[in-house]
Q: 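Pasting a structure here, questions to come.
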There are 2 protein chains.
Amino acid sequence: MPETTAAFTEHDHAACQSKALAYVIAQCEAKGLRLTEARRRVLEILLESHTALGAYEVLQRLNTEGYSAQPPIAYRALDFLVEHGFVHKVERISAFVACHFPGQCNAPAFLICRSCRSVAETRDARPAEPLSKDAAAMRFAIEDTNVEAEGLCQSCQSEEGA
Amino acid sequence: MPETTAAFTEHDHAACQSKALAYVIAQCEAKGLRLTEARRRVLEILLESHTALGAYEVLQRLNTEGYSAQPPIAYRALDFLVEHGFVHKVERISAFVACHFPGQCNAPAFLICRSCRSVAETRDARPAEPLSKDAAAMRFAIEDTNVEAEGLCQSCQSEEGA
DNA sequence: TCGATATTGTTATAAGATAACATATCAATT
DNA sequence: AATTGATATGTTATCTTATAACAATATCGA
């Protein structure tokens with residue numbers, strides 16, 4: 001298996017989930033960040049799967065779970081989680097996915113299935129490197145990058161063919 | 001100069017513009033595509049600068065130029081132009097920028113200035129390659145990619161420092 | 001000219017995101 | 001424990017981005 005998340009492969013998801021959560025808890029303690037209830041719930045919702053969820057989907061989940069909330073609650077929690085690298089925003093589909101490379105995720109890249117919205121995150125790719133060479137040449141100061149590929153995962157390819 | 005557009009460097013923009021327009025016209029003739037008035041106007045608006053414009057900014061430009069239109073007009077024209085590779089959508093800022101590498105633009109990558117919204121497009125970078133290796137390993141079929149870096153261009157860095 | 005296809009015009013609304021401000025909680029110090 | 005400054009939440013309203021739906025029109029080949 002390449003150095004990617006297990007999004008499109010079988011794996012022990014319970015372990016995957018609890019490892020990521022434990023990492024976030026530890027990081028928050030170490031850095032004095034407050035993993036409040038809203039933030040933690042949002043993170044847990046995202047950790048349940050390797051699927052990207054829109055802010056309003058997260059919000060709906062919060063509401064059905066008895067945490068009655070308005071949009072800003074979800075967006076603020078997501079902003080916090082994204083800011084600290086615990087969650088990534090997948091720009092292409094305006095959705096959010098939990099980071100599954102706790103502590104090893106500098107420049108994430110994503111494979112996004114347009115059918116099931118599963119998102120695989122890769123960490124060995126260094127896709128923005130040629131870009132940084134060009135950036136340096138024109139004195140452009142890169143602050144953040146997005147690398148996203150959309151397509152069909154294996155199982156959704158089968159279903160389309162069916 | 002690296003193989004990027006001249007967005008952040010001085011250049012003969014009139015030539016830049018007319019070359020791109022001529023290419024689109026030729027391509028449309030060759031492929032039997034219809035470069036209608038709305039589509040052409042939208043393209044010309046985007047070609048005026050290396051700045052990315054939101055759909056509603058384009059729409060406003062259309063309206064001030066006497067082409068009274070509602071949002072779908074702009075979105076349809078943009079969809080057409082994007083579909084055929086004449087314009088790119090910069091997902092990170094939900095905005096559109098004309099392609100300045102007529103005919104040589106397979107997997108574009110962008111440097112986006114968060115201050116002036118100028119967008120430089122590079123074509124020599126092949127940033128999605130490591131990603132495609134991973135994709136192949138998990139039988140993920142990539143259909144389209146985005147590579148975007150946000151930051152500050154040289155002149156906006158100077159201004160922030162001032 | 002007919003008919004199929006593609007495009008435009010228009011209204012309405014869906015979906016995504018944030019501004020603004022009041023209230024509450026936390027945590028460090030007195 | 002009380003004070004206080006900073007941080008986070010609750011809530012309303014609104015803004016921005018994008019599309020659904022359908023009628024009217026234009027284009028092009030048979």
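Because the structure is predicted, anything quoted here is derived from the model rather than measured. Every chain is numbered from 1 and lettered A, B, ... according to where its sequence line falls, protein lines coming before strand lines.
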Q: So which one's nearest nucleotide on DNA chain C is more toward 5', B/Y56 or B/I73?
A: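 Its nucleotide being nearer the 5' end, the pick is B/I73.
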
Q: Residues two or more places apart in sequence or in another chain: which of them pass side-chain hydrogen bond (donor to acceptor under 3.5 Å, both in side chains) with A/S49?
A: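 By the side-chain hydrogen bond (donor to acceptor under 3.5 Å, both in side chains) rule, A/S49 matches A/T51.
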
Q: Is it true that B/E150 and B/R114 have a side-chain N and a carboxylate O under 4.0 angstrom from each other?
A: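 Salt bridge: no.
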
Q: Taking side-chain hydrogen bond (donor to acceptor under 3.5 Å, both in side chains) as the definition, give me every residue that meets it alongside A/D79, ordered by chain and number, with sequence neighbours left out.
A: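 Testing A/D79 for side-chain hydrogen bond (donor to acceptor under 3.5 Å, both in side chains), a comparison that skips the adjacent residues, returns none.
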
Q: In residues 65-72 of chain B, which residues come under 4.0 Å of DNA chain D by heavy atom?
A: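 B/P71, B/P72 - these, ordered by number, are the residues of the stretch whose heavy atoms sit under 4.0 Å from the strand.
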
Q: Round to the nearest Å and state the distance from A/Q60 atom CD to C/dG16 atom P.
A: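 Distance, rounded to whole Å: 11 Å.
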
Q: May I have the distance from A/K89 (atom NZ) to C/dG16 (atom P), rounded to whole angstrom?
A: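 Whole-Å distance recorded here is 10 Å.
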
Q: Could you state the CG-C1' distance from A/D79 to C/dA17, rounded to the nearest angstrom?
A: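 After rounding, the reported distance stands at 9 Å.
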
Q: Parallel, tilted or perpendicular, judged at 30° and 60°: which one describes the rings of A/H100 and A/H50?
A: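 Ring orientation of A/H100 relative to A/H50: tilted.
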
Q: Please compare B/A55 and B/R76 by the position of their nearest nucleotide in DNA chain D and report the one closer to 5'.
A: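 In this pair, the answer is B/A55.
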
Q: Under 4.0 Å from a heavy atom of chain A: give me the 5'-most and 3'-most nucleotides of DNA chain D that qualify.
A: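 Span of nucleotides near chain A: D/dT7 to D/dT12.
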
Q: Using whole Å, what does the distance between atom C1' of nucleotide C/dT8 and atom CG of B/L59 come to?
A: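 Between C1' of C/dT8 and CG of B/L59: 14 Å.
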
Q: In whole angstroms, how far is the C1' atom of C/dT7 from the CD atom of B/E37?
A: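 Computing the B/E37:CD to C/dT7:C1' distance gives 13 Å.
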
Q: Out of C/dG16, C/dA6, C/dT8, which has the shortest distance to the side chain of B/R34?
A: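 Among C/dG16, C/dA6, C/dT8, the one nearest the side chain of B/R34 is C/dA6.
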
Q: For a quick test of your reading: what N or O donor-acceptor pairs under 3.5 Å do the side chains of residues 57-65 of chain A make, sequence neighbours left out?
A:
from, atom 1, to, atom 2, distance (Å)
A/E57, OE1, A/G54, N, 2.7
A/E57, OE1, A/R117, NH2, 2.9
A/R61, NE, A/E65, OE2, 3.4
A/R61, NH1, A/E48, OE1, 3.2
A/R61, NH2, A/E48, OE1, 3.3
A/R61, NH2, A/E48, OE2, 3.1
A/R61, NH2, A/E65, OE2, 2.6
A/N63, OD1, A/A69, N, 2.7
A/N63, ND2, A/L59, O, 3.3
A/N63, ND2, A/A69, O, 3.4
A/T64, OG1, A/Q60, O, 3.4
A/T64, OG1, A/R61, O, 3.0

Q: Can you pull out how bent the helix from C/dT1-D/dA30 to C/dT30-D/dA1 is, comparing the axes over its first five and last five pairs, to 10°?
A: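 So the angle between the two local helix axes works out to 30°.
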
